[in-house]
Student: 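Okay, here's the structure, questions in a sec.
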Amino acid sequence: MDVPYSATKEHLYFPARNAVFFPGGRPKSEAALCAEMARLAYARQEPNFQFDRARIQQVLVGIGFRECRFCEKPMGAQGQGSHGFLAIDKASMLAVVAFRGTDKNDLSDLLDDANALPRAWDGMGNVHFGFARALDEIWDQLAPALADVRDLRLLFTGHSLGAAMATLAASLHLPSALYTFGSPRVGNAE
């Protein structure tokens, strides 16, 4: 499968801007599906940070995901904060949770990345404080949605900050698989 790639500064900083998602249709491999879902999680309303819900839902329906639940905890009037979505394809018994990574223009993301002090994590050692805070912002929305897909194969994915959030989420709710891209170190060996 050919995967289009652009090394331009605009596509690096804004992975979803003017993007054509899933140009070859739904990938056969879970890894390729999760890579593109992680990129899709960057689709936002500009100049704000809220998800571009209509665009995301249109893309997901085009690859067989008929249901989507958005989890966002905006901070302030600009919608800054953590973002994730749960895409559900009951026909193939698959659900994917994708977390948005660091948006270079979202101050709350930058602060989460920078706050590397250790924090106790659910009896499992210490984790990066900022990454834990980012997941905490939306976990109360995501956890109930996960209960609705317990009979489906569940994948967690994300890039950058989103990869860290996916890793922490996997420690709270065990997925069938975890696919991360460009993940920073999330915590200690525990």
Side-chain angles (χ1 to χ4, degrees), residues 21-22 26-27 29-44 49-75 79 81-102 108-109 112 119-125 127-181 183-184 186-187 190:
F21 295 101
F22 300 100
R26 186 166 169 171
S29 81
E30 287 181 351
L33 173 68
C34 285
E36 194 68 344
M37 288 284 207
R39 188 169 72 115
L40 182 60
Y42 283 96
R44 65 176 174 88
F49 299 96
Q50 293 300 110
F51 274 131
D52 185 341
R53 292 179 180 213
R55 182 178 182 203
I56 292 170
Q57 287 176 317
Q58 180 184 24
V59 168
L60 291 173
V61 166
I63 59 166
F65 288 84
R66 303 282 180 230
E67 294 178 49
C68 182
R69 299 186 192 164
F70 295 95
C71 303
E72 299 184 271
K73 184 73 174 195
M75 292 177 57
S82 300
H83 307 272
F85 65 80
L86 169 64
I88 304 166
D89 178 1
K90 289 185 179 172
S92 67
M93 302 293 291
L94 182 65
V96 179
V97 176
F99 295 95
R100 181 185 297 165
T102 303
S108 67
D109 284 353
D112 285 339
R119 166 184 154 183
W121 183 252
D122 201 30
M124 294 183 266
V127 299
H128 183 288
F129 189 94
F131 301 158
R133 191 198 69 75
L135 181 62
D136 287 346
E137 280 189 342
I138 60 172
W139 187 251
D140 63 333
Q141 297 170 53
L142 183 57
L146 293 174
D148 294 340
V149 297
R150 65 179 155 264
D151 296 330
L152 306 182
R153 180 163 171 76
L154 178 63
L155 311 176
F156 286 173
T157 190
H159 165 258
S160 180
L161 170 61
M165 293 169 64
T167 300
L168 291 174
S171 75
L172 298 176
H173 185 101
L174 187 64
S176 302
L178 169 67
Y179 292 92
T180 62
F181 306 93
S183 182
V186 179
E190 266 186 83

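This structure is a prediction, so every number in the text was calculated from the model and none was measured.
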Student: Under a 3.5 Å distance rule, please check whether Arg55 uses its side chain to pair with a backbone N or O of Asp52 as donor and acceptor.
Tutor: no
Student: With rounding to the nearest 0.5 angstrom, report the CZ to CZ distance, Arg119 to Phe129.
Tutor: 5.5 Å
Student: Can you tell if the side chain of Asp109 reaches within under 4.5 Å of the side chain of Phe49, non-hydrogen atoms only?
Tutor: no
Student: Is there a donor in the side chain of His83 and an acceptor in the side chain of Tyr42, or the other way round, less than 3.5 Å apart?
Tutor: no
Student: Using the side chain to side chain donor-acceptor pair (under 3.5 Å) rule, collect all pairs that involve residues 161-178, keeping only residues at least two apart or in two chains.
Tutor: Trp121-Ser171
Student: Can you tell me if Ser160 uses its side chain to pair, donor with acceptor, with the backbone of Gly101 under 3.5 Å?
Tutor: no
Student: Can any side-chain N or O of His128 pair as donor or acceptor with the backbone N or O of Phe131 at less than 3.5 Å?
Tutor: yes
Student: Do Arg39 and Phe22 form a cation-pi contact, if we require the NZ or CZ to be under 6.0 Å from the six-membered ring centre and within 45 degrees of the ring's axis?
Tutor: no
Student: Is any side-chain heavy atom of Ile138 closer than 4.5 Å to a side-chain heavy atom of Gln141?
Tutor: yes
Student: Are Arg44 and Glu72 ion-paired here, with the side-chain N under 4.0 Å from a carboxylate O?
Tutor: no
Student: Among Leu154, Thr157, Leu155, exactly one meets side chain to side chain contact (heavy atoms under 4.5 Å, CB included) together with Val97. Which residue is that?
Tutor: Leu154
Student: Report the distance from atom CG of Leu172 to atom CG of Leu135, rounding to the nearest 0.5 Å.
Tutor: 6.0 Å
Student: Would you list the atom pairs, donor with acceptor, under 3.5 Å between side chains in residues 57-69 and any protein atom, with sequence neighbours excluded?
Tutor:
from: Arg66; atom 1: NH1; to: Val61; atom 2: O; distance (Å): 3.0
from: Glu67; atom 1: OE2; to: Lys90; atom 2: NZ; distance (Å): 3.2
from: Arg69; atom 1: NH1; to: Asp148; atom 2: OD2; distance (Å): 2.8

Student: When you check the gap from the basic side-chain N to the acidic O, do Arg153 and Asp89 get nearer than 4.0 Å?
Tutor: no
Student: Kindly indicate, with the supporting measurements, whether the criterion side-chain hydrogen bond (donor to acceptor under 3.5 Å, both in side chains) is fulfilled by Ser92 and Arg26.
Tutor: CA-CA 12 Å; Ser92 67; Arg26 186 166 169 171; 3.2 Å; yes
